Each structure stands twice: as structure tokens, then as C-alpha cells.
Amino acid sequence: MAEEKRACYVYGVVTDDRADESVKDLPAVGDQEAPVTLVRYGGQAAVVSEVPVDKPLGTPDDLRAHARVLDTLAAQGPPVLPFRFGTVVRDTGAVTDELLTEGHDDFARGLNHLRGSAQFTVRARYEEDAVLREVVTEQPEAARLREELRGLPEEAGYEQRIQLGRLVMDSIAAKRSVDALEVESRLAPHALASASAEPASAEGLVNASFLVADARRRAFEAAAEELAEHWHGRVRMRLLGPLAPYDFVAEALLERKEGDD
């Protein structure tokens with residue numbers, strides 16, 4: 001039986017002060033039983049595990065394993081520089097001779113910039129019934145159209161349904177703009193940086209990430225809790241963290257490069 005060919009999956013880079021036990025017993029990408037280990041070089045350490053080269057990556061278990069390794073490291077305190085999912089090199093020799101050697105200065109800048117901080121992500125979405133009640137209350141035209149459609153069979157009132165749908169979507173978009181600014185105004189003062197992405201659904205309000213210094217974590221969490229209470233029954237909020245600083249890696253590397261000019 002031919003020996004299975006293996007490669008080296010890289011989760012990210014950390015400082016060399018991490019203990020080997022910091023990644024012990026974590027599930028690995030591509031092979032849940034493969035040990036996650038640290039490959040050390042030049043004051044830094046790559047977080048790696050072996051993966052079979054003939055097995056495609058990208059299952060839900062793989063994605064969860066990638067995030068769990070990095071988020072576990074982030075929760076422990078010292079900085080972690082997360083890599084994109086799917087980063088694979090030939091072997092541990094390539095990790096030291098190529099990855100850590102060639103990227104050493106960039107990694108050092110990024111790790112230094114992210115030291116003492118972690119990412120927190122806020123995911124918020126409207127409670128559908130609550131926001132629809134707001135639209136009908138605030139928009140007389142929406143209330144009129146809804147009343148006209150009440151009791152009509154599904155095949156009737158086509159034009160009114162289209163008009164009502166557009167009115168509702170436009171109204172929610174306007175609310176989203178205002179409410180997203182409130183999220184930023186309440187939480188950003190407690191963060192070092194922020195980043196946002198478009199909501200994934202029509203009811204989505206915001207998907208925003210914040211880079212939070214350890215010293216400001218309690219204040220940030222308290223502000224998020226206050227906002228959730230303020231919007232109780234109207235908006236459903238989830239606060240995820242501490243996480244690895246996925247959304248701030250490029251900025252960390254770029255800022256330090258510019259500062260060296």
C-alpha cells in the first residue's frame with residue numbers, strides 16, 4: 001500500500017513565547033486526528049498541521065477547525081497573525097526556509113501592531129415583525145397598500161404587492177443606514193479600528209468587526225450589551241469574541257510598512 005502523501009497546512013504565525021501546549025488537542029484541518037504544532041524560527045512560530053495532499057479542503061469541519069485553532073490562540077492573549085483558509089506549503093522545511101524567513105519582517109510588524117488586542121464581531125439583524133410594524137406605522141402609503149391587499153387572493157393585487165415590497169425594502173435600507181451609524185458611534189470609541197461587511201440577508205442590519213485592546217474589552221462588551229438592551233425586541237444582536245484579528249491583518253501589515261517609509 002502506497003504511503004499517503006502529506007503537506008503542511010498553516011493556520012497563522014505567533015510569537016515564539018507560545019508554549020507547545022497552547023495548541024495541544026485542537027482539531028486539525030483536513031485530518032481531525034493530526035496534531036497541531038508550532039514550527040519555530042527567528043523568534044516567531046508558525047501554527048501548522050499535516051494534511052493529505054489528495055484530499056480537497058473546505059468542508060464545514062475544516063472551516064470550523066481553522067477558526068477554532070486561531071480563536072483559541074487569540075483567547076490566550078499573545079498576538080496571532082491569522083492566515084487565509086487553505087494556506088498549504090510543501091513541508092515544515094518550507095515553513096522555516098521560505099515562509100518564516102521571507103516573511104519575518106512583515107510578520108514582526110503585524111504581530112507588534114496586533115499585540116494586546118483581539119477582534120470582536122457584531123452581527124445584528126432586524127426582528128422581521130417588529131421592523132415591518134415600524135414601516136407600516138411610519139409610511140402611510142405602506143399602511144394603505146397593506147389594507148388594500150388584506151383578504152385578497154394570492155393571484156390578485158400583483159401591482160400593489162410589488163409596490164409594497166419595494167416600499168418596505170427601501171424603508172428598511174434607510175433604517176439600516178441610520179442604525180449602522182448608531183452601532184459605530186456606540187462601539188467604535190472603545191475600539192482601535194473597525195471594519196464592516198454587507199449583511200447577508202434582507203433582514204440583516206450590520207456585520208461589523210472591531211479591534212479591541214485588552215484594556216478596553218470590558219467597556220466594549222458593556223457598550224454592546226447596552227445597545228442590545230436598547231434594541232431588545234427590534235434587533236437581534238450577537239457578539240462574537242475574542243477572535244483572531246481576521247479583518248485587521250492587511251491593515252496591520254500596511255500601516256507598519258507605511259510607517260517605515
Side-chain angles (χ1 to χ4, degrees), residues 8-29 34-50 63-89 92 94-122 187 190-195 209-222 224 239-260:
C8 192
Y9 186 93
V10 186
Y11 300 85
V13 172
V14 296
T15 48
D16 195 32
D17 53 357
R18 294 276 186 168
D20 292 335
E21 289 73 21
S22 64
V23 293
K24 186 179 180 182
D25 299 328
L26 289 173
V29 170
V36 180
T37 60
L38 300 176
V39 176
R40 303 175 187 274
Y41 180 81
Q44 297 168 358
V47 186
V48 306
S49 64
E50 286 191 343
L63 295 168
R64 283 191 289 267
H66 178 86
R68 184 176 172 188
V69 168
L70 291 166
D71 294 342
T72 297
L73 290 167
Q76 292 170 359
V80 54
L81 202 64
F83 283 14
R84 290 184 180 276
F85 176 84
T87 301
V88 178
V89 298
T92 55
V95 172
T96 56
D97 299 342
E98 299 170 17
L99 184 70
L100 291 178
T101 297
E102 296 173 8
H104 180 275
D105 291 347
D106 285 344
F107 298 156
R109 294 185 186 104
L111 288 166
N112 184 60
H113 184 73
L114 296 168
R115 185 179 300 277
S117 62
Q119 176 172 317
F120 284 79
T121 295
V122 174
L187 301 184
H190 305 290
L192 300 169
S194 63
S209 297
F210 298 86
L211 185 66
V212 181
D214 294 343
R216 299 290 293 166
R217 183 177 298 182
R218 287 188 180 180
F220 179 87
E221 291 174 334
L239 178 62
L240 308 176
L243 308 173
Y246 306 99
D247 295 323
F248 302 98
V249 171
E251 181 183 359
L253 297 172
L254 180 62
E255 285 183 356
R256 280 300 184 255
K257 285 181 178 178
E258 290 177 347
D260 288 347

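Note that this is a predicted model, so its numbers are computed, not measured. The chain is numbered in sequence order, starting from 1.
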Taking atom [atom1] of [X] and atom [atom2] of [Y], what is their separation to the nearest 0.5 Å?
X	Y	atom1	atom2	value
Thr72	Lys24	OG1	NZ	15.0 Å
Arg216	Glu221	CZ	CD	12.0 Å
Leu243	Phe120	CG	CZ	7.5 Å
Thr87	Leu99	OG1	CG	8.5 Å
Phe248	Leu211	CZ	CG	5.5 Å

Nearest non-hydrogen partners of [X] and [Y], listed with the distance:
X	Y	value
Asp214	Ala118	OD1-N, 4.5 Å
Leu114	Pro245	CD1-CG, 3.7 Å
Ala19	Arg40	C-NH2, 3.9 Å
Gln44	Asp16	N-CB, 3.8 Å
Leu100	Ala46	CD1-N, 4.1 Å

Problem set entry | Any donor-acceptor N/O pair, Gln119 side chain to Tyr246 backbone, under 3.5 Å | yes
Exercise. Is Asp20 close to Thr37 at the side-chain level, that is, under 4.5 Å between some pair of heavy atoms?
Worked result: no
Seminar exercise, completed: With sequence neighbours left out, the residues meeting salt bridge (charged side-chain N to carboxylate O under 4.0 Å, His left out) with Glu98 are Arg90
Problem set entry | salt bridge (charged side-chain N to carboxylate O under 4.0 Å, His left out) involving Asp97 - partner list, sequence neighbours excluded | none
Exercise. Between Val95 and Tyr41, is a side-chain contact (heavy atoms from CB on, under 4.5 Å) present by the stated rule, with each step listed?
Worked result: CA-CA 9 Å; Val95 172; Tyr41 180 81; over 6 Å; no
Tell me, please, which residues at least two apart from [X] pass side chain to side chain contact (heavy atoms under 4.5 Å, CB included).
X	value
Ser22	Arg18, Leu38, Leu73, Gln76
Leu63	Phe85
Ser49	Tyr9, Tyr11, Ala28, Val36

For this session: Can you run down the salt bridge (charged side-chain N to carboxylate O under 4.0 Å, His left out) pairs that involve residues 65-87, sequence neighbours left out, and say none if there aren't any?
Result: none
For this session: Determine the sole option in Asn112, Leu81, Thr15, Val14 for which the side-chain contact (heavy atoms from CB on, under 4.5 Å) test with Phe107 is passed.
Result: Leu81
For this session: Quickly, which of Val69, Leu26, Val13 forms a side-chain contact (heavy atoms from CB on, under 4.5 Å) with Val47? Name it, please.
Result: Val69
Exercise. Given the rule in the side-chain contact (heavy atoms from CB on, under 4.5 Å) test, do Thr101 and Thr96 qualify, once you have shown the distances and angles that lead to the verdict?
Worked result: CA-CA 6 Å; Thr101 297; Thr96 56; 5.5 Å; no
Problem set entry | CA sep, side-chain torsions, deciding dist, call: His190, Phe210, side-chain contact (heavy atoms from CB on, under 4.5 Å) | CA-CA 9 Å; His190 305 290; Phe210 298 86; over 6 Å; no
For this session: Could you give me the CA-CA distance, side-chain angles and deciding distance for His113 and Leu192, then say whether side-chain contact (heavy atoms from CB on, under 4.5 Å) is met?
Result: CA-CA 11 Å; His113 184 73; Leu192 300 169; over 6 Å; no
